[in-house]
Amino acid sequence: QLEFITPFQLYFNPDLIFRKFQIWRLITNFLFFGPLGFSFFFNMIFLYRYCRMLEEGSFRGRTADFVFMFLFGGFLMTLFGLFASLFFLGQAFTIMLVYVWSRRNPYIRMNFFGLLNFQAPFLPWVLMGFSLLLGNSIIIDLLGIAVGHIYYFLEDVFPNQPGGKKLLLTPGFLKMVFDTPEEDPNYNPLPEDRPENRPRDQDQNQQQHPQ
């Protein structure tokens with residue numbers, strides 16, 4: 001927005017990525033939502049709101065799985081972008097988050113600007129219709145819905161079907177980086193760390209000032 005860089009340095013361009021090695025475009029094309037305006041703030045609000053609700057809801061305590069959903073969705077969108085000449089995929093990423101949240105919360109009633117009342121699973125389609133009214137292309141929205149549905153099906157639907165199994169397995173290195181390690185039941189603390197060996201005033205101080 002301050003014009004230190006231009007959108008031409010950020011957009012998705014396979015030729016510049018693979019021939020000029022401008023690898024950053026694989027990420028920056030997800031980070032640009034257009035000039036300041038209604039569409040920009042609309043995307044920011046929905047990205048923040050539904051990313052937060054997913055992280056605090058169905059992904060609570062599963063940060064590595066949350067990051068893996070980002071990587072999986074971004075990978076599929078990038079593949080599609082190779083063939084569809086799409087320049088910025090940030091809006092599709094937002095719609096993907098909205099779709100996954102809406103399918104995991106199917107009974108929540110939604111209200112859109114006080115005009116429409118509907119169940120949560122219809123929210124991505126309402127947003128697509130609103131985007132169409134603003135004169136935007138709905139290809140980006142359809143891409144976000146499609147990728148969100150693929151993730152939801154592979155993660156929530158297929159593993160619960162007869163003969164189904166979990167296909168999306170979060171890599172171990174992501175769990176090592178993002179998830180809190182489980183406590184070892186065989187861990188034997190040092191003598192000075194054992195509660196019975198702590199000074200009484202230290203225990204009282206910890207109770208008064210918990211970390």
Side-chain angles (χ1 to χ4, degrees), residues 12 14 17-18 26-27 29-30 43 46-86 89-110 112 116-132 137-186:
F12 183 76
I17 292 172
F18 297 111
L26 291 171
I27 299 175
N29 79 90
F30 288 98
N43 277 285
F46 273 79
L47 180 63
Y48 169 77
R49 175 179 173 83
Y50 290 98
C51 188
R52 176 179 177 178
M53 288 197 293
L54 278 174
E55 185 176 15
E56 295 180 350
S58 59
F59 285 101
R60 177 179 292 273
R62 299 168 52 221
T63 304
D65 295 337
F66 191 50
V67 173
F68 183 63
M69 180 187 70
F70 279 31
L71 297 176
F72 177 79
F75 175 75
L76 289 185
M77 292 176 194
T78 300
L79 283 182
F80 188 85
L82 291 173
F83 305 102
S85 299
L86 300 177
L89 299 170
Q91 185 174 332
F93 189 84
T94 301
I95 295 294
M96 179 194 75
L97 296 177
V98 171
Y99 185 91
V100 173
W101 176 87
S102 67
R103 294 304 298 265
R104 289 183 171 177
N105 299 271
Y107 302 110
I108 293 181
R109 297 286 299 175
M110 308 291 296
F112 192 73
L116 293 174
N117 293 299
F118 50 89
Q119 300 285 106
F122 292 101
L123 179 59
W125 304 101
V126 172
L127 294 181
M128 186 183 71
F130 183 70
S131 181
L132 186 62
S137 172
I138 63 172
I139 294 179
I140 291 291
D141 299 77
L142 288 173
L143 175 60
I145 290 173
V147 173
H149 182 74
I150 291 172
Y151 177 83
Y152 172 76
F153 178 80
L154 294 178
E155 180 72 11
D156 294 16
V157 178
F158 184 69
N160 298 318
Q161 299 295 318
K165 64 178 181 179
K166 188 175 176 65
L167 298 178
L168 297 180
L169 301 176
T170 303
F173 77 91
L174 289 179
K175 292 186 177 183
M176 183 178 62
V177 172
F178 292 104
D179 285 353
T180 303
E182 297 181 359
E183 293 186 4
D184 186 357
N186 298 320

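By convention here, the first residue in the shown sequence is residue 1. Side chains included, hydrogens not; waters and symmetry mates left out as well; all remaining heavy atoms used.
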Has Asn29 got a side-chain atom pairing as donor or acceptor with Leu26's backbone, closer than 3.5 angstrom?
yes
Hey, does Ile95 have a side-chain heavy atom less than 4.5 Å from the side chain of Leu142?
no
With rounding to the nearest 0.5 angstrom, report the CG to CG distance, Leu169 to Leu174.
12.0 Å
Between Phe83 and Leu79 the two heavy atoms that sit nearest each other are CD1-O, 3.1 Å
Side-chain touch Phe118/Val126, heavy atoms, less than 4.5 angstrom:
yes
Taking every non-hydrogen atom, the tightest pair across Thr170 and Ala64:
CG2-O, 3.7 Å
Please answer whether the main-chain N or O of Gly81 pairs with a side-chain N or O of Ser85 as donor and acceptor at a distance below 3.5 Å.
no
Please check if atom CZ in Phe122 has more than 12 non-hydrogen atoms from other residues, nucleotides or ligands closer than 6.0 Å.
no
CH2 on Trp101 to OH on Tyr50, rounded to 0.5 Å
5.0 Å
Flag yes if more than 12 heavy atoms outside Phe75 fall under 6.0 Å of its CZ atom; otherwise flag no.
no
To the nearest 0.5 Å, how far apart are CG in Leu168 and CD in Glu155?
5.5 Å
Taking every non-hydrogen atom, the tightest pair across Met69 and Met96:
O-CE, 4.2 Å
Would Phe12 and Leu86 count as a side chain to side chain contact (heavy atoms under 4.5 Å, CB included) here? Give the steps.
CA-CA 7 Å; Phe12 183 76; Leu86 300 177; 5.9 Å; no
Just by modelled atom types, is the Arg109 backbone N or O under 3.5 Å from a matching donor or acceptor in the Gln119 side chain?
no
If you round to the nearest 0.5 Å, how far is OG1 of Thr94 from CD1 of Ile140?
10.5 Å
Could you tell me whether Phe70 and Phe93 have their ring centroids closer than 6.0 angstrom?
yes
NZ of Lys166: more than 12 outside heavy atoms within 6.0 angstrom?
yes
Surrounding CD1 of Ile139 (heavy atoms of other residues, nucleotides or ligands, distance under 6.0 Å), is the total greater than 12?
no
What pair of heavy atoms forms the shortest contact from Leu54 to Leu97, and how long is it?
CD1-O, 3.6 Å
Nearest heavy atoms of Gly148 and Val100, plus distance in Å
O-CG2, 3.9 Å
Can you tell if the side chain of Ile145 reaches within under 4.5 Å of the side chain of Trp125, non-hydrogen atoms only?
yes
Would one find more than 12 heavy atoms of other residues, nucleotides or ligands at under 6.0 Å from atom CZ of Arg60?
no
Pairwise distance CE(Met110) to CG(Asn105) - rounded to 0.5 angstrom
9.5 Å
Does the side chain of Phe72 reach to within under 4.5 Å of the side chain of Ile150, using non-hydrogen atoms?
yes
Phe30 and Met77, any side-chain heavy atoms less than 4.5 Å apart:
yes
Any side-chain to backbone donor/acceptor pair from Ser102 onto Tyr99? Under 3.5 Å, distance only.
yes
Derivation and outcome, side chain to side chain contact (heavy atoms under 4.5 Å, CB included), residues Val177 and Thr63:
CA-CA 9 Å; Val177 172; Thr63 304; over 6 Å; no
Of all the heavy-atom pairs spanning Arg104 and Phe59, show the shortest one and how long it is.
NH1-CE1, 3.3 Å
Side-chain contact test, heavy atoms from C-beta onward, threshold under 4.5 Å: evaluate it for Asp65 versus Lys175 and give yes or no.
yes
Please report the interatomic distance CG(Leu89) to CD1(Ile27), rounded to the nearest 0.5 Å.
13.0 Å
